[in-house]
Protein chains: 2
Amino acid sequence: MIDQPHPSAYITGMAAHHHHEHAGASLAQAAEAALVDAGEQWTDMRSDIFAVLATFEKPASAYDIADLVSQRRGKRVAPNSVYRILDLFVTTNLARRVESANAYIANSHPGCLHDCIFLICDSCGTATHIDDDALTMSVRAAAEHAGFAQVRPVIEVRGKCADCD
Amino acid sequence: MIDQPHPSAYITGMAAHHHHEHAGASLAQAAEAALVDAGEQWTDMRSDIFAVLATFEKPASAYDIADLVSQRRGKRVAPNSVYRILDLFVTTNLARRVESANAYIANSHPGCLHDCIFLICDSCGTATHIDDDALTMSVRAAAEHAGFAQVRPVIEVRGKCADCD
DNA sequence: TTAGCGATGTAATGTTGTAACGTTCATCGA
DNA sequence: TCGATGAACGTTACAACATTACATCGCTAA
Ligand SMILES: [Zn+2]
Ligand SMILES: [Zn+2]
Ligand SMILES: [Zn+2]
Ligand SMILES: [Zn+2]
C-alpha cells in the first residue's frame, strides 16, 4: 500500500470537481474513510494525530503535534512517531506539508485529489487555501513541457492576510 | 537599505522582459552590479559566497556553502555568517531560497525582478527554472483576490527531470 | 504454536536555523 | 589626534526540524 496516485488521476479526476470542504467531525470521518479506502488502518494513534492536526488554524510542526498528542494521551509521544504518521497522511492525501513553513495542515477535502494553493500569512501564520484547477494544471503543464515527469507542484503564497494587512 | 521591492514593480516591470540568463563571470559581475545598485557593499566574503553558490547545479544548503567557503578561504566560516549573507542575497534578488529543499540557488538574472518557477528533480536534485509571467501573475492575482497583500509566491515543482525519468 | 507483519516505542544522531554578543575596521566630526 | 558611530564579520550557544536503527507489542496465517 501507500502508493502515490497515478498522475493521470489528476487529469481525469479534475474536470467535474466539487471541492467540498469538510470540518470538525465530518472531516475526521472523511479522513478515516479515505485512509481505510487506501487500505490503511485507522488506529487510535492516527485518529488522535489527525484530530490534533485538524484543530490547528495554522500549519503545525511535527513537534507541536507531538506535544499536544502527548498531553491528550497522558504519555509522551515522540516526534518520530508523529513524522511517521504525518508522512502516511501526506501520502494518502489526508494532510499536506506546507514547505515554506516546515509544517503540516489537515486536508479539508481528503479523498479529493488535486493541487491546492496555500496562502500563509507572515504575520498571524494562519493558512487558507484556494482551489484553482486551471491554474495548477497550467503549472503542471509548464513543468511537463520542460521535460519533468511525475510532477508534484508546490504552490504557496506568503503575504499578509486580510485581517493583518 | 535592504527594502523589499514594491509589489507594483512586478506589475510594471513585467510587460517587456528579457529574462536574460547570465552564467560564470558574467553572472558574478551582474550580481555585484545589482548588489551595489541596491546600496550594499560587494565584500570579499560576499563575493566568495556568491561564487561558491553559483557553482552549484542543485540548491545548496547554507552548511554546504559554509564548508566550501571555509576551504576556499582556509579558515572556518560559520553557517551563521553564511545565513546572514544569503538572507541579504535573497532580499536583493541575487539568490533565491528553494523552500521545498531548505536550500539556496543563485539567481541567474539578478536585477531582473519576477517570480520564478523552480523545477527540482527528486532523483538528482538539480534545479532548473521557468519564467512564465502570465502564470505567476495569475497566482499573485488569485492570492490578492483572496485578500492577501504583499504577496510572495513560492512556486516549485518537484518531480523527475528529463535525464532521470 | 510460532513465524511474519504492521504499528508503535525508544534512543541516538543529523540537519537546518537563530539569538546574543564581541571584534574589527572605516568614517567623521570635535 | 581622539572618541563616536555604524557596517561587516566572528564566536558561541542553542533551538527547531528531521531521520536512522533497532526494540517491542499484538494480531493472524501457516
Ligand atoms: Zn477539491
Ligand atoms: Zn494574518
Ligand atoms: Zn527574467
Ligand atoms: Zn534528475
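Per chain, numbering begins at 1; letters A, B, ... match sequence-line order.
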> Quick one: which of dA7(D), dG10(D), dT16(C) gets closest to the side chain of Q41(B)?
Replying inline: dA7(D)
>> According to a hydrophobic-cluster definition based on side-chain heavy atoms being under 4.5 Å apart (Ile, Leu, Val, Met, Phe, Trp, Tyr only), do F118(A) and V151(B) belong together?
In response: no
> Relative to each other, are the rings of H114(B) and H129(B) parallel, tilted or perpendicular (30° and 60° limits)?
Replying inline: parallel
>> Go through it in stages, so that I can follow the logic: the residues are R97(A) and E99(A), the test is salt bridge (charged side-chain N to carboxylate O under 4.0 Å, His left out), and I'd like the CA-CA distance, side-chain angles, deciding distance and then a yes or no.
In response: CA-CA 6 Å; R97(A) 178 172 165 82; E99(A) 296 291 351; 3.1 Å; yes
>> Students often mix this up, so state it plainly: with edges at 30° and 60°, are the rings of W42(A) and F89(A) parallel, tilted or perpendicular?
In response: parallel
> Quick one: which of dA7(C), dT12(D), dC17(D) gets closest to the side chain of T43(A)?
Replying inline: dA7(C)
> Hey, quick one: are I105(B) and L86(B) part of the same hydrophobic cluster, counting side-chain heavy atoms closer than 4.5 Å, chains of contacts allowed?
Replying inline: no
> Between R97(A) and dC17(D), is there a side-chain N or O to OP1/OP2 distance below 4.0 Å?
Replying inline: no
>> Considering every strand and a 4.0 Å limit on heavy-atom distances, what is the contact class for R73(B): base, sugar-phosphate, or nothing?
In response: nothing
>> What residues from residues 44-55 of chain A pass a heavy-atom cutoff of under 4.0 Å to DNA chain C?
In response: M45(A), R46(A)
> Which word best sums up how the rings of Y104(A) and Y83(A) line up, parallel for under 30°, tilted for 30 to 60°, or perpendicular for over 60°?
Replying inline: perpendicular
> Does the side-chain ring of Y63(B) sit on the six-membered ring of the dT16(C) base, less than 5.5 Å centre to centre and under 30° in tilt?
Replying inline: yes
